[in-house]
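In this text, all values refer to a predicted model and were calculated from it rather than measured experimentally. Positions are given from 1, in the same order as the sequence printed here.
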Amino acid sequence: MSWRIILWPFAQLYGFGIRIRNYLFNTGLLKQEEFDIPVISIGNLTTGGTGKTPHVEYLIRLLKDEFKIAVLSRGYGRSSKGFRSVRVDSKPDIIGDEPLQYKRKFPDVTVTVCEKRVNGIDRLIFEYHPEVVLLDDAFQHRYVKPSVNLLLTEYAKPLFNDHLLPMGNLREPKSEKKRADAIVVTKCAATLSKEQQAAFIEKLSPLPQQPVFFSFIRYGEIVGFKHKKVPDLSLYKDLCILLVCGIADPSLLVTHLQQKFRAVKKMIFPDHHQFTISDLKAISQKFDNIAADSKIIITTEKDFMRLEDEPILHLPFFYLPIEVDFIKNDEYSFDQYILNHVRKNKANS
């Protein structure tokens with residue numbers, strides 16, 4: 001008997017509570033707020049790891065040259081409360097690592113955090129007058145009714161094969177995918193065939209009005225902390241990597257590094273992990289114990305936000321940025337889907 005079966009009764013209780021909550025929203029007993037400007041929500045049904053952050057960044061790149069946009073995040077793991085505007089010199093423990101990453105990469109874009117999304121959007125409209133708001137990780141935040149609700153699900157770990165917490169990773173019943181206006185299947189192989197896409201869509205069973213798009217991760221070149229010089233990796237076939245990261249699902253990153261380098265050692269921390277002095281000492285010791293002449297430490301861009309000011313940067317620390325792209329014709333279709341929506345709703349606001 002699978003150990004998951006033991007958790008089945010708890011998953012049923014959890015699901016019962018979620019269904020009551022959704023019923024209250026669906027019947028109007030709990031109020032949803034709509035806004036006069038386009039509000040695009042990027043979220044998922046699972047507990048994380050579907051790639052929301054790079055998809056938010058994709059939307060920023062798509063929209064920022066034509067529209068005045070703002071990003072609103074909860075700021076997961078931050079020590080502060082309420083509405084805050086993010087600056088390039090903000091501290092990740094105050095505003096969260098992902099909002100800081102958005103601001104560092106797009107300094108001209110308004111990035112804010114607020115755990116109460118309705119209040120956050122009201123403040124954004126009053127203070128910054130955006131033409132479109134991007135809501136990060138807000139599929140479950142039903143007090144806001146977005147004009148477009150994008151649902152992300154991972155190709156290798158699809159929501160239709162998952163179970164409710166704590167038996168699985170679903171925060172809501174998989175049937176709640178019906179609330180999505182469009183579905184993005186993430187972390188696909190860049191070479192995913194039309195037949196594979198069709199097979200996935202058949203299992204996903206979207207509603208007739210729900211378009212489905214397929215995206216994949218594109219890894220960039222490594223970047224050195226504090227402007228460290230990046231080694232010529234073509235000269236280091238025997239380079240050993242120590243991967244230090246605290247993200248929800250590092251499996252694709254591990255595979256990518258194993259394909260590029262001779263050896264990959266790992267120190268994996270929980271998602272949004274706040275690194276302690278003890279952690280930093282352990283990282284330094286682990287690196288020192290690697291018996292290789294050529295070795296560096298690689299982390300993720302999100303972890304870089306929490307590590308860049310720590311007293312460990314005498315070590316050869318680098319981070320690996322990522323972006324998402326869409327498979328073949330999906331890029332044009334997705335771009336037009338978003339642009340047409342924003343143009344139409346901006347004109348009507």
Student: In terms of the angle between their ring planes, are Tyr76 and His272 parallel, tilted or perpendicular, with boundaries placed at 30° and 60°?
Tutor: tilted
Student: Does Tyr219 OH have over 12 foreign heavy atoms under 6.0 Å away?
Tutor: yes
Student: Do Thr186 and His55 have side-chain atoms, one donor and one acceptor, less than 3.5 Å apart?
Tutor: no
Student: Under a 3.5 Å distance rule, please check whether Ser80 uses its side chain to pair with a backbone N or O of Ile94 as donor and acceptor.
Tutor: yes
Student: Does OH in Tyr23 sit with more than 12 non-hydrogen atoms of other residues, nucleotides or ligands closer than 6.0 Å?
Tutor: no
Student: Between Lys187 and Gly49, is there a donor-acceptor pair closer than 3.5 Å when you use the side chain of the first and the backbone of the second?
Tutor: yes
Student: Testing the 3.5 Å rule here: is there a donor-acceptor pair between the side chains of Ser41 and Asn149?
Tutor: yes
Student: Are Tyr337 and Asp330 linked by a side-chain donor-acceptor pair shorter than 3.5 Å?
Tutor: no
Student: When rounded to the nearest 0.5 angstrom, what is the spacing between CD1 in Ile241 and CD1 in Ile296?
Tutor: 4.0 Å
Student: Looking at Phe275 versus Phe269, is the centre-to-centre ring distance below 6.0 Å?
Tutor: yes
Student: Tell me, with the steps shown, if Thr153 and Leu151 meet side-chain contact (heavy atoms from CB on, under 4.5 Å).
Tutor: CA-CA 7 Å; Thr153 184; Leu151 176 64; 5.6 Å; no
Student: Can a side-chain donor-acceptor contact be found between Ser73 and Tyr102 if the only test is distance below 3.5 angstrom?
Tutor: no
Student: Could you tell me whether the side chains of Asp181 and His341 share a donor-acceptor contact shorter than 3.5 Å?
Tutor: no
Student: If you take all heavy atoms of Thr191 and Gln196, which pair is closest and at what distance?
Tutor: O-OE1, 4.3 Å
Student: Could you check whether Asp271 pairs with Lys52 (Lys NZ or Arg NE/NH1/NH2 to Asp/Glu carboxylate O, under 4.0 Å)?
Tutor: no
Student: Regarding Lys91 and Asp93, does a basic nitrogen lie under 4.0 Å from an acidic carboxylate oxygen?
Tutor: no
Student: For Gln336, does the CD atom sit with more than 12 other heavy atoms under 6.0 Å from it, leaving out its own atoms?
Tutor: yes
Student: Quick one: closest heavy-atom pair of Ile283 and Met267, and the distance?
Tutor: CA-SD, 3.7 Å
Student: Can you tell me how far the CD1 atom of Ile247 sits from the CG atom of Asp249, to the nearest 0.5 Å?
Tutor: 7.0 Å
Student: Which heavy atom in Thr112 sits nearest to a heavy atom in Thr110, and how many Å separate them?
Tutor: CG2-CG2, 4.0 Å
Student: Closer than 3.5 angstrom, by distance alone: can the side chain of Gln32 be matched with the main-chain N or O of Arg142 as a donor-acceptor pair?
Tutor: yes
Student: Supply the atom-to-atom distance His256 NE2 to Leu252 CG, rounded to the nearest 0.5 angstrom.
Tutor: 10.5 Å
Student: I'd like to know if the side chain of Thr299 reaches the main chain of Val244, judged simply by a donor and an acceptor atom lying under 3.5 Å from each other, with no hydrogens or angles considered.
Tutor: yes
Student: Please name the residue in the list Asp108, Val132, Ile69 that meets the side chain to side chain contact (heavy atoms under 4.5 Å, CB included) test with Lys64.
Tutor: Ile69
Student: Could you tell me whether Lys116 sits above the aromatic face of Tyr143, with NZ or CZ closer than 6.0 angstrom to the six-membered ring centre and within 45 degrees of the axis?
Tutor: no
Student: Would the distance check show the side chain of Lys174 and the main-chain N or O of Phe160 forming a donor-acceptor pair, the cut-off being under 3.5 Å?
Tutor: yes
Student: Is it true that Glu115 and Arg78 make a salt bridge, defined as a side-chain N closer than 4.0 Å to a carboxylate O?
Tutor: yes
Student: Say whether, by atom type as modelled, one donor and one acceptor occur between the side chain of Glu176 and the main chain of Asn22 under 3.5 angstrom.
Tutor: no
Student: Does the side chain of Arg19 pick up a donor-acceptor pair with the side chain of Asn26 at under 3.5 Å?
Tutor: no
Student: How long is the span from the CZ atom in Arg262 to the CG atom in Leu239, to the nearest 0.5 Å?
Tutor: 8.5 Å
Student: Among Glu98, Glu57, Glu308, which residue meets the salt bridge (charged side-chain N to carboxylate O under 4.0 Å, His left out) test with Lys302?
Tutor: Glu98
Student: How close do Leu164 and Pro173 get, heavy atom to heavy atom, and via which atoms?
Tutor: CD2-N, 3.5 Å
Student: Is any NZ, NE, NH1 or NH2 atom of the basic residue among Glu301 and Arg104 found under 4.0 Å from an Asp or Glu carboxylate oxygen of the other?
Tutor: no
